[in-house]
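Notes follow once the structure below has been shown.
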Amino acid sequence: MRALSSLVSMSRGLHVLLAALLLVCTTGLAWAQSDDGQGDAGDPPTRVARLSYASGDLGLMPAGSTSWSAADVNRPLTNGDKLSSGPDARAELELDGASLRINGQSDIGVLNLNDQIGQFELTQGTLNLTVRILAQGSSYEVDTPTLALVMDQPGTVRLDVGPNGAYTTVTVFNGNAVVFGENQAQRDIYSGRSYQFADSTLNNVAITDVAGGGDAFDAWCANRDAQYGSNITSAQYVSDEMVGAQDLNQYGTWQNDEDYGAVWYPGNVAAGWAPYAFGYWAWISPWGWTWVDNLPWGFAPYHYGRWAYLHGRWGWMPGPRHVRPIYAPALVAFAGVGRGGPVGWFPLGPHEVYNPWYRASRNYYTNINTSNIALGRGYNQGALINNIRSQYALYQAGRPVTGVTYANRDAPHAFTAVSAQAFASAQNVQHNRVAMNPQQIATASAIAPAALQRPTPASFAQARLVDARPLPAAGFNRQVVAVGKPSPSVNAGASFRAGQSTSNVVVLGARSSLANHPDVAEQPRVAGPAAPVQTQVNPRPAVLPQVPHFEAAQQIQQVQQAPHFQSQSYQQPQQQIEQQRFEAAERSHEYVPPQRQMAPDPSYQPYRNVPTPQQYARPEFARPESEAHPQNAPRPHVSAPPAHSSNPNQH
């Protein structure tokens with residue numbers, strides 16, 4: 001018995017040691033600087049997924065962590081992050097031009113999110129994916145235990161993974177998609193149909209027509225899509241690819257400034273409010289320290305653009321509208337008060353250069369600044385580029401930037417500071433703020449990236465409530481099949497987190513993923529605000545090509561009658577019917593989805609226990625560590641727009 005106890009103790013000690021080594025390795029990679037400043041292989045992704053809605057019991061396992069944490073609205077999600085929802089819970093991830101939503105008792109993970117691909121795993125439960133806009137050569141992929149679904153055009157699909165992963169049902173509400181299975185199996189799926197695949201060969205399939213109605217989850221997803229479609233005002237000033245911009249209309253107003261152009265002013269903020277003061281810092285790899293804001297609109301203004309104190313209040317200026325926005329973890333400058341003293345920061349002003357606290361090539365450094373700075377009156381492109389070049393030399397050498405007069409450093413309430421311990425343990429800033437007098441603020445010295453506080457195991461996210469439901473401790477061990485390869489960071493952490501020798505993702509090899517295809521390799525971006533920052537790709541067909549190797553289904557079953565499905569008998573081989581449907585749609589150049597009528601659910605209340613717009617900005621709204629976070633991002637109910645005949649495939 002004593003020997004057994006010793007073995008258990010050694011095992012626990014080894015687990016802790018491995019966790020520490022993983023954290024140190026992750027930190028070291030983040031702090032390393034580029035040798036030549038030109039390459040971009042090690043640059044972080046330029047986009048993330050935003051947790052834009054959360055209700056009910058929702059848990060987050062951040063990449064690099066071995067335990068579940070609180071899932072807070074405005075949390076950026078990236079490769080390796082996982083979400084698990086309890087009964088009656090719902091969540092939404094917002095991407096640039098797409099939304100991914102999950103129902104209760106669902107588990108999803110982010111496998112690969114970069115400039116051209118969004119790859120997710122659904123190991124159990126229900127997922128809805130709506131793609132509104134999609135750059136050429138880009139795609140979304142959802143991997144399940146039975147199949148991998150790929151969308152490379154706008155549309156809406158729902159995936160349901162059956163108990164124990166025995167089957168996957170794919171319902172196509174709009175658009176077309178492709179599913180992949182083992183042994184090179186590939187099948188096109190079409191709008192208005194529901195497909196239940198009983199195994200990964202894709203031969204055992206039951207096909208039904210989608211009838212009107214739907215369940216409460218479908219109604220909620222349709223309502224959310226209608227709200228995104230109603231975002232008209234902000235679209236005049238920001239890029240369609242800016243995550244979080246749709247919140248700005250409800251919580252503020254736009255005004256034109258003679259010096260800076262379009263400026264957004266938040267409404268109903270408390271006296272003494274300032275940016276980057278109501279939230280907390282979390283360590284999110286590969287960027288490192290990342291700001292997570294408490295306010296429901298607090299995403300776009302903290303990860304894009306610049307802030308300025310104008311006419312006695314704070315206003316936010318987005319970058320150039322025609323330039324693809326590049327995500328930043330927080331657009332601030334750090335300053336410290338003595339060795340081991342408080343850590344302070346303030347928002348960057350209109351024309352000030354952002355110096356990342358993580359590794360960045362010269363191209364990335366240039367683009368993340370030019371895409372988030374609007375020139376305005378009296379400031380030209382040449383001045384901006386010269387400023388970027390001069391500061392990059394200091395950044396590359398790991399030295400703090402000196403000789404810069406920051407516009408917001410002395411602005412009212414702009415300088416925020418907390419203790420080093422509170423900063424590094426994801427604690428609420430407003431509850432741990434350190435009071436500093438003007439002399440201390442004036443003498444606080446700039447902090448070089450290498451001098452910032454190092455992360456601890458508590459840095460990944462805030463802790464879950466003590467009485468929350470238990471979540472799977474071993475990670476998502478259920479095997480899923482995939483077309484694209486997961487991010488290397490996902491594979492590196494999978495074996496450690498799940499206690500397995502290999503990842504749970506099995507790559508089918510049916511075809512190369514769009515992100516890794518040689519025809520869509522990302523080209524170097526041109527520096528400077530005058531050139532749009534975008535991915536250049538070679539033209540590809542609007543619909544994935546048909547493949548001759550797929551045989552007709554060996555077995556076509558009639559599924560049990562469901563409330564929102566109508567079974568249909570087929571007199572011809574199913575492959576021939578689907579091909580005729582596809583050719584007819586191609587000839588008419590329009591989709592042929594049925595009218596989607598959502599039956600209202602009288603028991604459904606979409607926004608519960610959330611503050612009103614007049615309440616949300618009060619300092620007391622920030623969550624104490626012992627209280628629950630108000631996770632629902634409030635939005636007004638918007639009726640779904642009427643069906644229209646516009647064709648996403650029309651050229």
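Since the model is a prediction, treat every value here as computed from it, not as a measurement. We number each residue from 1, following the sequence as shown.
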Test side-chain contact (heavy atoms from CB on, under 4.5 Å) applied to N432 and F423, step by step = CA-CA 9 Å; N432 295 275; F423 177 87; over 6 Å; no
query = Can you list the steps and then say if L248 with W254 is a side-chain contact (heavy atoms from CB on, under 4.5 Å)?
reply = CA-CA 9 Å; L248 303 179; W254 289 94; 3.7 Å; yes
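- Heavy-atom minimum distance, Y354 versus V332: CD1-O, 4.4 Å.
- A donor-acceptor contact shorter than 3.5 Å links the side chain of H351 to the backbone of L375.
- Residues A91 and L51 share a closest heavy-atom pair of CB-CD1, 4.3 Å.
- When only modelled atom types and interatomic distance are considered, R306 and N369 share a side-chain donor-acceptor pair under 3.5 Å.
- In this structure, the side chains of T416 and R433 come closer than 4.5 Å at one or more pairs of heavy atoms.
- Two residues are said to be in side-chain contact when any heavy atoms from C-beta on lie closer than 4.5 Å; T290 and P76 meet this criterion.
- Here R90 does not pair with D57 in a salt bridge; the nearest charged N to carboxylate O distance is not below 4.0 Å.
- Rounding to the nearest 0.5 angstrom, the gap separating the CZ atom in R362 from the CD1 atom in I388 is 11.0 Å.
- Across all non-hydrogen atoms, the minimal contact from P301 to Y276 is O-OH, 4.2 Å.
- Geometrically, R313 engages Y265 in a cation-pi contact, judged by NZ or CZ lying under 6.0 Å from the ring centre and within 45° of the ring axis.
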request  = Any chance you could lay out the side-chain contact (heavy atoms from CB on, under 4.5 Å) test for V263 and W314, step after step, and finish with the verdict?
outcome  = CA-CA 10 Å; V263 179; W314 286 98; over 6 Å; no
message = Working note: D257 + L310, criterion side-chain contact (heavy atoms from CB on, under 4.5 Å); need CA distance, chi angles, decisive distance, verdict.
response = CA-CA 9 Å; D257 186 88; L310 303 172; 4.3 Å; yes
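- The nearest pair of heavy atoms linking A407 to E352 is N-OE2, 2.6 Å.
- A side-chain donor from one of D72 and Y280 sits under 3.5 Å from a side-chain acceptor of the other.
- How far CD1 of I441 is from CZ of R409: 8.5 Å, rounded to the nearest 0.5 Å.
- Using a 4.5 Å cut-off on side-chain heavy atoms (C-beta onward), W273 and L295 make contact.
- T443 places a side-chain N or O within 3.5 Å of a backbone atom of Q439 that can act as its donor or acceptor partner.
- Residue Y302 forms a side chain to side chain contact (heavy atoms under 4.5 Å, CB included) with just one option from L331, V292, D293, and that option is D293.
- Looking at heavy atoms from C-beta onward, Y53 lies out of side-chain contact with V73 at the 4.5 angstrom threshold.
- Here the straight-line distance linking atom CD of Q430 with atom CG of N294 works out to 9.5 Å at 0.5 Å rounding.
- The aromatic rings of Y392 and Y395 are tilted relative to each other, their planes meeting at an angle between 30° and 60°.
- The two residues R75 and F460 have their closest heavy-atom pair at NH1-O, 2.7 Å.
- The one candidate from R132, E94, Q227 that meets the side chain to side chain donor-acceptor pair (under 3.5 Å) condition with S99 is R132.
- The shortest distance between side-chain heavy atoms of T370 and V323 does not fall below 4.5 Å.
- In summary, of the residues considered (Q396, R389, Q391), a side chain to side chain contact (heavy atoms under 4.5 Å, CB included) with Y365 occurs for Q391 alone.
- Between D247 and R50 there is a salt bridge, since at least one side-chain N of the basic residue sits less than 4.0 Å from a carboxylate O of the acidic one.
- Among R224, Q246, E92, the single residue meeting the side chain to side chain donor-acceptor pair (under 3.5 Å) criterion with S52 is E92.
- Here CZ of R454 is found 12.0 Å from OG of S459. Values are rounded to the nearest 0.5 Å.
- Between the side chain of N408 and the backbone N or O of P347, at least one donor-acceptor pair lies under 3.5 Å.
- The aromatic rings of W291 and W281 sit perpendicular, their planes meeting at an angle over 60°, well past the 30° parallel limit.
- Tested against V243 for a side chain to side chain contact (heavy atoms under 4.5 Å, CB included), the candidates D96, V48, L93 yield a single pass: D96.
- The ring pair (Phe, Tyr, Trp, His ring centres under 6.0 Å) test with W264 is passed by exactly one of Y251, W297, Y237: W297.
- Between the N367 side chain and the N363 main chain, a donor and an acceptor come within less than 3.5 Å of each other.
- Looking only at atom types and distance, the side chain of R464 has no donor-acceptor partner in the side chain of S67 under 3.5 Å away.
- Atom-to-atom distance recorded for L111:CG and F120:CZ is 8.5 Å, nearest 0.5 angstrom.
- Using modelled atom types and a 3.5 Å distance limit, the side chains of Q421 and S419 yield no donor-acceptor pair.
- With contacts defined as side-chain heavy-atom distances shorter than 4.5 Å, the pair Y358/D43 does not qualify.
- Interatomic distance, OG of S84 versus CG of L58, reported as 7.5 Å (0.5 Å rounding).
- Put simply, the side chain of D81 never gets that close to the backbone of L60: no donor and acceptor are under 3.5 Å apart.
- What you find for H303 and A328 is that their closest heavy atoms are ND1-O, 2.8 Å.
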ask   = Should W289 and W283 be marked as a ring-ring contact (aromatic ring centres under 6.0 Å, His included) after you check the CA-CA gap, both sets of side-chain angles, and the distance that decides it?
value = CA-CA 5 Å; W289 296 117; W283 180 271; 5.2 Å; yes
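- In this structure the side chain of I284 reaches within 4.5 angstrom of the side chain of T78, judged on heavy atoms.
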